[in-house]
Protein chains: 2
Amino acid sequence: MFELDIRSRKPIYEQLTDKIKEMIVHGVLQPDEQLPSVRVLSSQLTVNPNTIQKAYRELEREGYIYSLPGKGSFVAVLGPELTGGRRAEMREALLRLMAEAVYLGFTEAEIGELYRQALEQKERG
Amino acid sequence: MFELDIRSRKPIYEQLTDKIKEMIVHGVLQPDEQLPSVRVLSSQLTVNPNTIQKAYRELEREGYIYSLPGKGSFVAVLGPELTGGRRAEMREALLRLMAEAVYLGFTEAEIGELYRQALEQKERG
DNA sequence: CAACTGTATTATTAATAATAGTACAGTTAA
DNA sequence: TTAACTGTACTATTATTAATAATACAGTTG
């Protein structure tokens with residue numbers, strides 16, 4: 001399911017949250033789809049279960065997944081109340097990155113092109 | 001010049017690089033403008049000189065500043081050869097964030113609006 | 001020459017990431 | 001009902017990284 005870079009300076013649990021988040025926003029993982037269990041994924045990746053749990057906890061905190069004790073962890077369905085808080089954060093993150101992009105000479109047209117590219121990727125699943 | 005959040009989980013040297021980068025891309029710091037010396041900034045922020053040096057080294061590696069031993073550290077002038085490598089990285093970073101923005105329901109119009117907002121901020125200095 | 005500059009080095013401490021091992025309670029199917 | 005799953009919580013230990021501390025050296029400048 002994943003590939004981890006052990007020698008990366010980026011912590012393992014962070015690589016995990018990023019990968020899973022990416023699969024969710026690209027539609028590779030569908031709403032309510034079950035994720036591999038903490039123990040299964042930990043043995044697949046030969047990583048400590050606690051590290052997987054930490055990643056899942058973070059994803060749940062950010063609203064990307066939900067966990068049911070005894071059942072499993074699942075991709076969250078996006079509700080309007082959820083997007084509210086996240087949208088504000090995303091707005092800031094976008095603005096910060098846009099400032100850097102402007103500095104590097106990106107035009108509005110190029111940005112628009114990147115947006116459409118992201119949209120396409122999602123629609124292709 | 002800066003404010004640091006000691007209790008933040010983000011490392012101090014990283015807060016520093018982010019702040020300075022931000023001031024450069026927003027035009028607050030102009031090309032060839034001299035930055036405070038390692039020692040001055042370290043005593044102003046009551047932070048170890050090595051931490052400042054680490055931040056400056058990182059900024060130099062990314063091409064945002066240049067340092068002349070004995071003279072000081074200065075804001076880099078943006079050249080085409082410099083932007084090349086950085087633009088590719090920025091393209092990836094933008095695409096990654098765009099995918100998340102699409103997922104959260106941002107429209108192309110909203111993205112364009114954010115771009116123009118960033119542009120404005122730069123022009124106002 | 002004196003007082004700056006960046007840079008490098010080594011050692012030490014503080015904070016964080018990751019592992020290891022164990023335990024408990026809910027779910028599910030044999 | 002039991003066996004094998006699930007998530008969750010906790011403590012302890014090790015490994016890695018961040019930050020500090022104290023010097024040192026060479027180039028620059030008035």
Side-chain angles (χ1 to χ4, degrees), chain A residues 1-21 24 29 31-77, chain B residues 1-21 24 29 31-77:
Chain A
M1 188 178 191
F2 310 110
E3 284 175 22
L4 294 178
D5 183 5
I6 303 298
R7 69 178 52 176
S8 169
R9 51 269 155 215
K10 182 185 282 189
I12 296 177
Y13 79 90
E14 215 173 305
Q15 292 185 45
L16 263 172
T17 55
D18 287 353
K19 285 275 186 194
I20 296 176
K21 208 183 288 186
I24 292 177
L29 294 176
D32 286 326
E33 182 174 342
Q34 183 163 8
L35 294 168
S37 82
V38 169
R39 288 171 182 83
V40 166
L41 192 53
S42 99
S43 74
Q44 272 183 12
L45 302 177
T46 56
V47 157
N48 194 280
N50 295 340
T51 306
I52 309 290
Q53 193 193 338
K54 187 172 183 181
Y56 278 15
R57 194 192 305 133
E58 176 63 16
L59 285 168
E60 186 164 16
R61 197 191 62 79
E62 293 186 31
Y64 284 93
I65 71 174
Y66 61 93
S67 297
L68 303 178
K71 301 197 69 172
S73 297
F74 307 85
V75 176
V77 260
Chain B
M1 187 180 193
F2 310 109
E3 284 175 24
L4 295 178
D5 182 5
I6 304 298
R7 69 179 53 180
S8 168
R9 51 269 155 214
K10 182 185 281 187
I12 295 177
Y13 78 91
E14 213 174 306
Q15 292 184 46
L16 264 172
T17 55
D18 287 353
K19 285 274 186 194
I20 295 176
K21 206 183 289 185
I24 293 177
L29 295 175
D32 286 326
E33 182 174 343
Q34 183 162 9
L35 294 169
S37 82
V38 169
R39 288 170 181 81
V40 166
L41 192 51
S42 98
S43 75
Q44 271 184 10
L45 302 177
T46 55
V47 158
N48 194 280
N50 296 341
T51 305
I52 309 289
Q53 194 193 337
K54 187 172 183 182
Y56 278 14
R57 194 191 308 136
E58 176 63 16
L59 285 168
E60 187 162 18
R61 197 191 63 79
E62 293 186 32
Y64 284 93
I65 72 173
Y66 61 92
S67 296
L68 302 178
K71 302 198 69 174
S73 299
F74 307 85
V75 176
V77 257

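Chain letters run A, B, ... following the sequence lines, proteins first and then strands; every chain starts at 1. Quick note: numbers below take in every heavy atom, side chains included, and nothing from hydrogens, waters or symmetry partners.
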Can you measure Leu4(B) atom CG to dT20(D) atom C1' for me and round it to whole angstrom units?
15 Å

Taking only N/O atoms, report every protein-nucleotides 7-9 of chain C pair under 3.5 Å with atom names and distance.
residue: dT7(C); atom: O4; partner: Arg39(B); partner atom: NH2; Å: 3.4

Nearest heavy-atom pair of Ala76(A) and Gly63(A): which atoms, and what distance?
CB-O, 3.4 Å

For residues Leu45(A) and Leu16(A), determine if any side-chain heavy atom of one lies less than 4.5 Å from a side-chain heavy atom of the other.
yes

Between protein and nucleic acid, restricted to nucleotides 2-5 of chain D and to nitrogen or oxygen atoms under 3.5 Å apart, what atom pairs and distances do you find?
none

Quick one: do Tyr64(B) and Thr17(B) satisfy side-chain contact (heavy atoms from CB on, under 4.5 Å)? Show the steps, please.
CA-CA 10 Å; Tyr64(B) 284 93; Thr17(B) 55; over 6 Å; no

Do Arg57(B) and Glu60(B) sit within salt-bridge range, that is, some charged N less than 4.0 Å from a carboxylate O?
no

CZ of Phe74(A) versus P of dT27(C): gap in Å, rounded?
12 Å

The salt bridge (Lys or Arg N to Asp or Glu O under 4.0 Å) partners of Lys54(B) (sequence neighbours excluded) come to none

For the residue pair Ile24(B) and Ile65(B), establish whether any side-chain heavy-atom pair is separated by less than 4.5 Å.
yes

Do any N or O atoms from the side chain of Gln15(A) and from the backbone of Lys10(A) form a donor-acceptor pair under 3.5 angstrom?
yes

N/O contacts under 3.5 Å, protein versus nucleotides 16-19 of chain D?
residue: dA18(D); atom: OP1; partner: Tyr13(B); partner atom: OH; Å: 3.1
residue: dA18(D); atom: OP2; partner: Lys54(B); partner atom: NZ; Å: 3.3
residue: dA19(D); atom: OP1; partner: Ile12(B); partner atom: N; Å: 2.4

Using modelled atom types and a 3.5 Å cut-off, is there a donor and acceptor pairing between side-chain atoms of Ser43(A) and backbone atoms of Val40(A)?
yes

Rounded to the Å, how far apart are Leu16(A) CG and dT19(C) P?
10 Å

Between its two end axes (five pairs each) the helix from dC1(C)-dG30(D) to dA30(C)-dT1(D) turns, nearest 10 degrees, through 30°

State whether Lys71(A) places a side-chain N or O below 4.0 Å from either non-bridging phosphate oxygen (OP1 or OP2) of dG7(D).
no

Can you tell me which residue pairs pass the salt bridge (charged side-chain N to carboxylate O under 4.0 Å, His left out) test with a partner in residues 31-51 of chain B, sequence neighbours excluded?
none

After noting the C-alpha distance and the side-chain angles of Leu41(A) and Leu35(A), does the key distance pass the side-chain contact (heavy atoms from CB on, under 4.5 Å) rule?
CA-CA 9 Å; Leu41(A) 192 53; Leu35(A) 294 168; over 6 Å; no

What integer distance in Å separates Gln34(B):CD from dT29(D):P?
10 Å

How many angstroms lie between atom CD of Gln34(A) and atom CG of Leu68(A), to the nearest 0.5 angstrom?
9.0 Å

In short, Ala55(B) meets Tyr13(B) closest at the heavy-atom pair CB-O, 3.7 Å

When rounded to the nearest 0.5 Å, the distance separating CG of Leu4(B) from OG1 of Thr46(B) is 8.0 Å

